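Heads up, the thing below is written out as structure tokens.
This one's a predicted model, so the numbers in the text were calculated from it and none came from an experiment. We name chains A, B, ... by the order of the sequence lines, and we start the count at 1 in each one.
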Protein chains: 2
Amino acid sequence: MAVVRFTKQRQAVLEAVRNTDTHPDAAWVYAEVRKVLPNISLGTVYRSLEALVQEGHLMTIQSAGEATRYDARTEEDHYHLVCRGCGRIFDTHLRDVPDFRALLARMPQGFSIDDVLLEFHGTCEDCRRQ
Amino acid sequence: MAVVRFTKQRQAVLEAVRNTDTHPDAAWVYAEVRKVLPNISLGTVYRSLEALVQEGHLMTIQSAGEATRYDARTEEDHYHLVCRGCGRIFDTHLRDVPDFRALLARMPQGFSIDDVLLEFHGTCEDCRRQ
DNA sequence: ATCGATGCAAACGCTTTGCACTCTT
DNA sequence: AAGAGTGCAAAGCGTTTGCATCGAT
């Protein structure tokens, strides 16, 4: 079985993502963690991020054609607003968005749903002013 | 203004995507179109696909970490079931999925929504049997 | 004749991986 | 001591781009 080791690299990666609300990508995490662990490699950052996602400590945000971004707020049921202007990602707790998991039983074609990808793309207030 | 030219390459790319329901990626389209136009380049395929998306003839499907896939059925309001086992994409006309566009007026933070990305990830019937 | 589109190949950006070494367990 | 994790560098993959040429209008 997989024995997970809590190395300082993996801890630093998790802390970096937890201490921001910018939904950073791997390159940002790499730069950030380097301030604490100057010798950490980009490969280790990727491997750590992947492991942390698997363990449920992080979730990913896939924006078309861009680098994968990470979010440490996995417990709350929130959604992402991706701004096409500045690339920033905003969180929202849209009460009006229905619970898709309740729909799983009605899924067609014998398909069993593990995950629902729901993202909103548009323009944020700042970018609209221009 | 942009004068769009209807070249045989662009037509062949559109036909290739229209004549399949496999939601192909650029490499598949490239191989397919080569049967008709043996000299077409991969760059042209990408440029054609991009142009066709802009013109509204195709839509894209972004599956985490995979190649962008294309769909010629843009008019119907359907959703995609992405199988994690075999990678196939199934269409569904889920009547139960609400119309998100109706929610736009209630969006928070002054954010204006252009597009809603909604995909279901799971396992298809064939893959579940194993 | 114009200038958008093409073919080719090189380059790009993000991510993964092979390997020898390190350090947690 | 064992083997998961690391650092490094090279490679992988999908995609984009520079440029000379072609061809639709």
* Atom-to-atom span, CZ of B/R10 to C1' of D/dG23 - whole angstrom -> 13 Å
* To do: Can you check whether any acceptor in the base of C/dG4 is under 3.5 Å from a donor in the side chain of B/R47, or vice versa?
  => no
* Could you tell me whether B/N39 contacts a base, only the sugar-phosphate backbone, or nothing, with contacts defined as non-hydrogen atoms closer than 4.0 Å? => sugar-phosphate
* Any side-chain N or O of A/T68 under 4.0 Å from OP1/OP2 of C/dT15? -> yes
* To do: Nearest whole angstrom, please: distance from the P of C/dG13 to the CG of A/D25.
  => 13 Å
* Contact under 4.0 Å: A/T44 side-chain N or O vs D/dG7 OP1/OP2 -> yes
* Nearest whole angstrom, please: distance from the P of D/dT15 to the CZ of B/R69. => 11 Å
* Asked: Between B/R69 (side chain) and B/H23 (backbone), is there a donor-acceptor pair under 3.5 Å?
  -> yes
* **Whole-Å gap separating P (D/dG14) and CD (B/E50)** => 18 Å
* To do: Carefully, step by step, assess B/D21 and B/R73 under the rule salt bridge (Lys or Arg N to Asp or Glu O under 4.0 Å).
  => CA-CA 9 Å; B/D21 61 353; B/R73 302 172 68 214; over 6 Å; no
* Spacing of A/F6 atom CZ relative to D/dG3 atom P, expressed in whole Å -> 19 Å
* Asked: Rounded to the nearest Å, what distance is computed from the OH atom of residue B/Y30 to the P atom of nucleotide C/dT6?
  -> 14 Å
* Asked: On DNA chain D, nearest-nucleotide positions of B/A67 versus B/K8: which is more 5'?
  -> B/A67
* To do: Report yes if at least one side-chain N or O of A/Y46 is closer than 4.0 Å to OP1 or OP2 of C/dT16; otherwise report no.
  => no
* Kindly say whether, by distance alone, the side chain of B/R5 makes a donor-acceptor pair under 3.5 Å with the base of C/dG4? => yes
* C/dA9 phosphate, OP1 or OP2: any side-chain N/O from B/S41 under 4.0 angstrom? -> no
* Round to the nearest Å and state the distance from A/Q11 atom CD to D/dT6 atom P. => 11 Å
* **Under 3.5 Å: donor-acceptor pair, side chain of B/R128, backbone of A/F111** => no
* For D/dG7, take OP1 and OP2 only and decide whether either is under 4.0 Å from a side-chain N or O of A/Q9. => yes
* **Sugar-phosphate, base or nothing in reach of A/I40, heavy atoms under 4.0 Å** => sugar-phosphate
* Structure fact -> Per nearest nucleotide of DNA chain D, the residue lying toward the 5' end, B/E66 or A/L42, is A/L42
* Take the protein atom CH2 of B/W28 and the nucleotide atom P of D/dG14, then report the distance between them rounded to whole Å. => 16 Å
* Asked: Can you tell me if B/H121 uses its side chain to pair, donor with acceptor, with the backbone of B/E119 under 3.5 Å?
  -> no
* List the steps and the verdict of salt bridge (Lys or Arg N to Asp or Glu O under 4.0 Å) for A/E55 and A/R10. => CA-CA 12 Å; A/E55 294 162 16; A/R10 190 161 297 179; 3.8 Å; yes
